[in-house]
A.B. asks: 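Starting off with a structure, shown below.
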Amino acid sequence: METVRVRVPAKVNVQLAVGGVRPDGFHDLANVFLAVGLYDEVTATPADTLRVTCAGPDAAAVPLDRTNLAARAALALAGRYGIEPDVHLHIDKDIPVAGGMAGGSADAAGALVACDALWGTDAPRDELLAICAELGSDVPFSLVGGAALGTGRGERLRPLDVGGTFHWVFAVADGGLSTPAVYGEFDRLTAGLRVPGPAASRDLLDALAKGDATALAATVSNDLQPAALSLFPPLTGTLATGRDAGALAALVSGSGPTTAFLAADADAAAEIARALMASGTCRTARATTAPAPGATVV
Ligand code: C5P
């Protein structure tokens, strides 16, 4: 095979319940992931040595060395199968960088699936998922897509039923947030408080299963939101703009700074996106739908 191209979705966390910090420094989560229709594409081509390139509006912010999660995914698979990781990974990046939408995780899952096909390793699904979990807490979900409840540090997945199409708008902020910094701010804001054990909301899972946007809007939550707003105060204005434009719910996506707006239908989403773009409270706004499939060879 000469070239393999894999498409991988972004995610929003419709519930992100964060527990206390664990001895390993991670936080226990009840993390309800929903894959959304913004995609990165990873193309794997045989090469003399491991090489990463990236194209897209945010490409300059993407590291191209072996710290890139896509490169680390190729190295992990090659290491397991005793293969030389001589591959050119090209990332067509449409998912906001450092935006709380698992763009780096998407690239890792995409590279893993692409290299598995290119090298003919044909690794079992469970092994791919185990490699994903080593690479990062959100990477397994980028592989599977759809909707899933992530427990542990977010890497242990249970697939969830989704009974319809949800309409979303994502406002991309000017700048990024570091996930460890946001968790650190969460720790600072909750210091001395009793942090309850994280649990998925039954009402939220029901709303997802029914495809009921109004019910979902009433139950979405993100425990990292106060920390993200503390580190990136202008997001408060972005959230208010989307709410004023008719969003059923407005929240920070994961660790931010992308903000997510649930809309009643496609027309409402277009109107929210238009209002956000006109407001000057974000860099750009994108309307899309969910759920989206996981990493897929195209
Ligand atoms: O797993 P991943 O590499 O994506 O995590 C990035 C950082 O986010 C971790 O180093 C940690 O600071 C924080 N994190 C956490 N608890 C989680 C997931 C991530 O504290 N469950």
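Note: hydrogens, waters and symmetry copies are ignored here, and every other heavy atom, side chains too, is used. Read the numbers this way: they start at 1 and go in the same order the structure lists the ligands and their atoms.
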A.B. asks: Considering the heavy atoms of His27, write down every atom of ligand 1 situated less than 4.0 Å from one of them.
C.D. replies: 15 (C), 16 (N), 17 (C), 20 (O), 21 (N)
A.B. asks: Which protein heavy atom lies closest to atom 9 (C) of ligand 1, and at what distance to 0.1 Å?
C.D. replies: Phe26 CE2, 3.7 Å
A.B. asks: Going by an N to O cut-off under 4.0 Å, is there a salt bridge joining Asp28 and Arg22?
C.D. replies: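 Answer for the salt bridge query: yes.
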A.B. asks: Distance alone, cut at 3.5 Å: any donor-acceptor contact between the side chains of Thr296 and Arg7?
C.D. replies: no
A.B. asks: With side chain to side chain donor-acceptor pair (under 3.5 Å) as the test, pick out the partner of His88 among Asp48, Thr53, Thr3.
C.D. replies: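 Single side chain to side chain donor-acceptor pair (under 3.5 Å) partner of His88 among Asp48, Thr53, Thr3: Thr53.
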A.B. asks: In a check of side-chain contact (heavy atoms from CB on, under 4.5 Å) between Phe166 and each of Leu216, Thr288, Thr289, which one passes?
C.D. replies: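 Exactly one option meets the side-chain contact (heavy atoms from CB on, under 4.5 Å) with Phe166, and it is Leu216.
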A.B. asks: Need the ligand 1 atom indices (1-based, order shown) with element for anything under 4.0 Å from a heavy-atom of Pro180.
C.D. replies: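 Under 4.0 Å from Pro180, ligand 1 has these atoms: 7 (C), 12 (O).
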A.B. asks: Ion pair present between Lys210 and Asp206, side-chain N to carboxylate O less than 4.0 angstrom?
C.D. replies: no
A.B. asks: Just jot down the ligand 1 atoms closer than 4.0 angstrom to any heavy atom of Gly25, in number order.
C.D. replies: 20 (O)
A.B. asks: Which of the numbered atoms in ligand 1 are below 4.0 angstrom from a heavy atom of Gly136?
C.D. replies: 1 (O)
A.B. asks: Within the 4.0 Å heavy-atom shell around Arg153, which atoms of ligand 1 are there?
C.D. replies: 17 (C), 18 (C), 21 (N)
A.B. asks: Tell me whether Asp86 is salt-bridged to Arg51, with the criterion being a basic N under 4.0 Å from an acidic carboxylate O.
C.D. replies: no
A.B. asks: Have a look at ligand 1 and work out which part of Tyr183, if any, has a heavy atom under 4.0 Å from it: side chain, backbone, both or neither.
C.D. replies: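 Only the side chain of Tyr183 comes within reach of ligand 1.
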A.B. asks: Distance only, no hydrogens: is a donor on one side chain within 3.5 Å (strictly under) of an acceptor on the other, for Glu185 and Ser230?
C.D. replies: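 There is such a pair between these side chains.
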A.B. asks: Counting non-hydrogen protein atoms only, what is the nearest one to atom 6 (C) of ligand 1? Give residue, atom name and distance.
C.D. replies: Thr179 CG2, 4.3 Å
A.B. asks: Which of the atoms in ligand 1, numbered in the order shown and given with their element, are less than 4.0 Å from a heavy-atom of Ser137?
C.D. replies: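 With Ser137 as reference, the close atoms of ligand 1 come out as 1 (O), 2 (P), 4 (O), 18 (C).
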